[in-house]
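A short write-up of the structure that comes next.
Model, not experiment: these values are computed from the prediction. Note on naming: letters A, B, ... go to the chains in the order of the sequence lines (proteins, then strands), and numbering restarts at 1 for each one.
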Amino acid sequence: MSEPNPVDETAPESAQAAPAEGAAPAGMVRTTLRSLLRSGPATAGLVLVAVHVLVAVLAPLLTSYAPTANAPDSALLGPSAAHWAGTDALGRDVLARVLYGGRYALMVSFAATACAVALGTVVGCAAALKGGWLDDLVMRVLDAVLAIPPILALLVVVTVLGAGPAVIVLAVTVVYAPQVVRVVRAAAMGVAPLDYVTAARARGERTLSILVREVLPNIADVVSVEFAMRASWVVLLISSLSFLGFGANPPTPDWGLMIAENRTAMTVVPWASLAPIIALATLVLGLNLSADGLAKAWGVDRVKEAR
Amino acid sequence: MLTFLTRRLLSAAGTVLLASVLVFASVQLLPGDVATQVLGQDATPEAVSALRDQLDLNRPAVLRFAEWLAGAVRGDFGTSLVSGEPVAGALWLHLRNTLLIAAATVAVAVTSSIVLGVVAGLYRDRWPDTLISSLTLAGMSVPEFVVATLLVMALSISVPVLPAVVLDGASAPVADLLPSVVLPTIALSVVMTAYIVRMTRTSVIDVMASEFVTTARLKGLGAWRVVVRHALPSALLPTLNVIAMNVAWLVGGVVVVENVFNYPGIGKLMLESVHSRDLPVLQAVAVVGAAVYVLCNLAADLAAMALNPRLRTGERSAR
Amino acid sequence: MSTGQAPHTGAESEAGAGAQARTPGTGARQGDEGLYLREVPARVKDLSVAYRSNGRDITVAENVSFEVAAGRTLAVVGESGSGKSTVAGALLGHLRHGSRITSGSVEVAGRDVFSLGGRDLRALRAHDIAMVGQNAGNALTPSMRVGTQLEEALMARVPARAERRAEARALLEKVGLPGPDRIGRRYPHQLSGGQQQRVAIAMALAARPRVLVLDEPTTALDVVTQARILDLVADLSAELGLATVLVSHDLGVVARMADEVVVMREGAVVEAAPAAELFAAPRHPYTRRLLASVPRVSDAGLAEVGEDGTRTVRDRAPVPEDAPEVVSLEDVVVRYGRSRAVDGVSLGLRRGEVLALVGESGSGKSTLAWSLAGLRAPASGRMRLHGEQEGDLAAGARKRPLALRRRIQLAFQNADTSLNPRRIAREAVRRPLRFFGLASRSDADARARGLIEDVALDPALSDRLPQQLSGGQRQRVGIARALAGGPDVVVADEVTTALDVSVQASVLALLDDLRTERDLAFVFISHDLAVVRGIADRVAVMKDGRVVEEGPVGAVFAGPNHPYTRRLMEAVLEPDTAGGAGSDAAGGAAGAAPDASEGPDGAATQGTAEGEWIDLGGGHRIRRGGE
């Protein structure tokens, strides 16, 4: 019944002399970008994330070493012209492993975050709009899932299903979606009693149509901030898993794994541990700064719900 | 107020129950045969069938859950597949050790983060805030195992004042474990503080901008009184929830940090049971984790009642 | 915009004299005869305030000057954005985050407020000046007992604890709160709005200030409570010889309270004069327009205001005798949980008629309206639509057939939330057209544009987002959206309440036009009797979920009335030019007496001879009892 909505929002430029600074969605993206870029920390955050993505994609072009090539005769070397960050106990080039190391973390984290945020948004909106028993049920189950500490839940799942990337994505989705549901539900509940939603309800519009037309556009900001913030936690969680030996499998270059492998040799080759630490920390820092920047640009209260 | 308390207690019990259903279900009902999972693909059929008997897998899951629950309520979490001993004994011993770290962390992190958060909020956009906020961001961007690793490097290897690795077993007396508690506590506190500080700061800024704080100021009250009597009770309310949620994280964070220090706590127990696929232990640890989380939330709610008369008096607002 | 225009009169009567008489002391404090010997504790000189936004300075107040003498009340009047609240805050040395003084000074009790350091400023606030804000619900600290907060305000003056307690008790008594011991132990959320405001006043008086600043002190209150609070303030400032600064958008309140008036617009003072003079002969065209825009209970129809502030009352188009009924309600009950928000209401509405539902908040008028619109199904009773589309309205919106649903449409109070902020105005109007199948995809845009023109908006605005429209423009778009369904009945829920008076007048005129052009029936919900007098054909007065009086607007306003209606009418304040310095219909009747119905426990003690009506003829009837 709700016919596709022609993109009416693109028109506002034709209205001359708009009085306020705000603009239509197309303009909103621009306004947001502008205010993001005006903030130094936010720009730095976006740049950090972008650099990490680029490095992960272009890793083969940036180093001539294979990240998994053992070279027992050049093990545990300090930084040199040949190996800028030295080598690890198996003689692998640390820099190459760090450059490649973001691939696993970025891919798994991105997929898991996207799934968790998508699922959480749908369920959160449904709970907020439908209310009643559905809301009660959802909140009950959520409380129970939230009660199980994420890493314990992940370990249980990994024990039973194994540690493949698909399993981890699935498990992280299940573990983090409830928290997204909470945030999105609260945001949607803030929108639901507003008069324009009431008007749609009085017209007798279907819940799905109200959700898509009236609610989602107005909580898109919350959802985006949620995405950036969740991403930083998921990266941390997944690196913790790798560190414990349940994420990436050993020859794979991965930061969490590298820190676990090399920390015993820390006194001998500190860079083998420090390099992945720096890489990991800068990625998470970048995500955090971006989330803060987005939140500030949109006036979303980012820390209301921590973890 | 009493009815509120009873309701809250009942719902807490319900949450733990539901959580244990989820844990039980994910352990027992996930695709594939649990016995084969535990023993690996090339186990002999006899071994598999023996384990099936031991795990009672031939009986309906609902029945098994009921039995497990009946035992769990009485403190009996079944028998470990590895040691053949009751799960409960090892569980309580490790839990005791973990609580040492957890209690110390909560004490350190909550105190320091509220102080830092309030300072940052009050000095908004001035140097104390900038400093605290930058440190906070750094703390949030480093996983706890990195902090732990760096601490080991600094305080156990470079300047050896504290033990890097715990050599005691789980049953060591508390006094022997105390020196080993320090580094894990610092590692966990750094990360936990970062999150709570942010919440406290935002909340303090919100409340300081509120009309009632303005009114208190315009009454000519001193700054200290305005902050402590008028602003703080309201500012700490949202912080409470964040603290409770962080305790949930703490239970997880402890797993990682204990592993770094080889500390004989519940995290180490959990990891060992993951490696040995000791399902009964795993199940018990997860449920205990959920119970701890729920208890913390309950405590947060009670604290909220102390801070917010609206909850305490149970009367409707007159508007 | 008038920039830098100095007030052409500076409260002449005192200007010079006050300065000489400023011997801080006691002699000049009391007595009306001391007009020329008064102390002048508050002086604003050439004050300009600006804040920075996006690197630009935005002026919020410009060259504002005035003085207030002890025992006198000065009102600062203006519409939204006039800068009046900024001035109020500045008197206490308080500016909003990011604002600063760009010129001028504020002098309170002989001291330059903005040159004072932290300690001196605190002392000033503790001893010489106090403020009562708009919403005491937000101004009282939620986690502290009311009595404790009051005692705090006494700390600077009364060092001994026991004495403080006694004095706090006396203050609560003074502001007319019943059982001061009991009230003092309560938390703010346990008090009604009126009680909270009384506590706020007591807190302001605790310092025994010389200057009292009231920032929209009654805007959040019901009319009856408003009248009581204003009486209280007037009595207290006379008794204590306070120099009172009243900030308000409500000219009725100002007329009731003020000795002198300063009219502000866009940050600048456009006119300053003694109240009697200003209301009798406003000089500035803006003041004249402002005054003319205020609806009066005595108007027999809507007032139309000319550019120069001339005022003509428009004739009301009579509803034809034979107009058919479009909506009928019989014994409708709507529940919220256990309570009956609407408790047995029977009403009829005819085609082309405006039926006003009047009552205080909580009277059930909005619930009834929402029920009509299908947002909350009644628990019992009949509710039907008649005419070309017959149908049962007792079902919620989704259960009504599409053709029935569109016949009743809603327009909302709050212009800020009535439109989706992410969709342009045209889309808001276009959606119901498409949804109800009233326009094809190709002509929906043109139709929407047409409707926007019908509500007297420039069609160029149809491409704008709500935030790029003014409050009045948004409200018009909301009305266009209601019209899009092609309704027989429009339910207008306090549609003009949040608007400035001048905008309100134009929106009311629009509604009246639409009614005659389209033969629409309106259910017009309002708490403002003067607005109702102008627009409605019939009035139903609601109290505690029931209709206590109903009848043609002329008859109801002529009386006799139900006691509750009478109370509402007596509480109406108007800038009545004939009555000198404002008319106070309430007279001394209301007084500052404590009022049981304000308390949380005094809600419903009445309800004797139920359902008995006294018929006064011509459709005017009054329910017996219920008071």
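- In terms of heavy-atom pairs under 4.5 angstrom with chain A, the leader among C/P432, C/A428, C/G374 is C/P432.
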Candidate pair A/D195 and C/N414, rule side-chain hydrogen bond (donor to acceptor under 3.5 Å, both in side chains), full reasoning:
CA-CA 8 Å; A/D195 291 339; C/N414 194 337; 5.7 Å; no
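- Contact residues of residues 393-406 of chain C toward chain A are C/A397, C/R398, C/R405 (heavy-atom distance under 4.5 Å).
- Taking CZ from A/R206 and CZ from C/F435, the interatomic distance works out to 9.0 Å, rounded to the nearest 0.5 Å.
- Between chain C and the options A/V191, A/V197, A/T207, heavy-atom pairs under 4.5 Å are most frequent for A/T207.
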After noting the C-alpha distance and the side-chain angles of C/R422 and A/Y196, does the key distance pass the side-chain contact (heavy atoms from CB on, under 4.5 Å) rule?
CA-CA 11 Å; C/R422 298 267 186 264; A/Y196 57 86; over 6 Å; no
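- Annotation: maximal heavy-atom pairing with chain A below 4.5 Å, among C/Q409, C/R481, C/Q413, occurs at C/R481.
- Of the atoms belonging to C/L410, it is side-chain heavy atoms, and not backbone ones, that fall under 4.5 Å from chain A.
- Between the side chain of C/R423 and the backbone N or O of A/R213 there is at least one donor-acceptor pair closer than 3.5 Å.
- Here the shortest heavy-atom pairing between A/A202 and C/L375 reads N-CD2, 3.8 Å.
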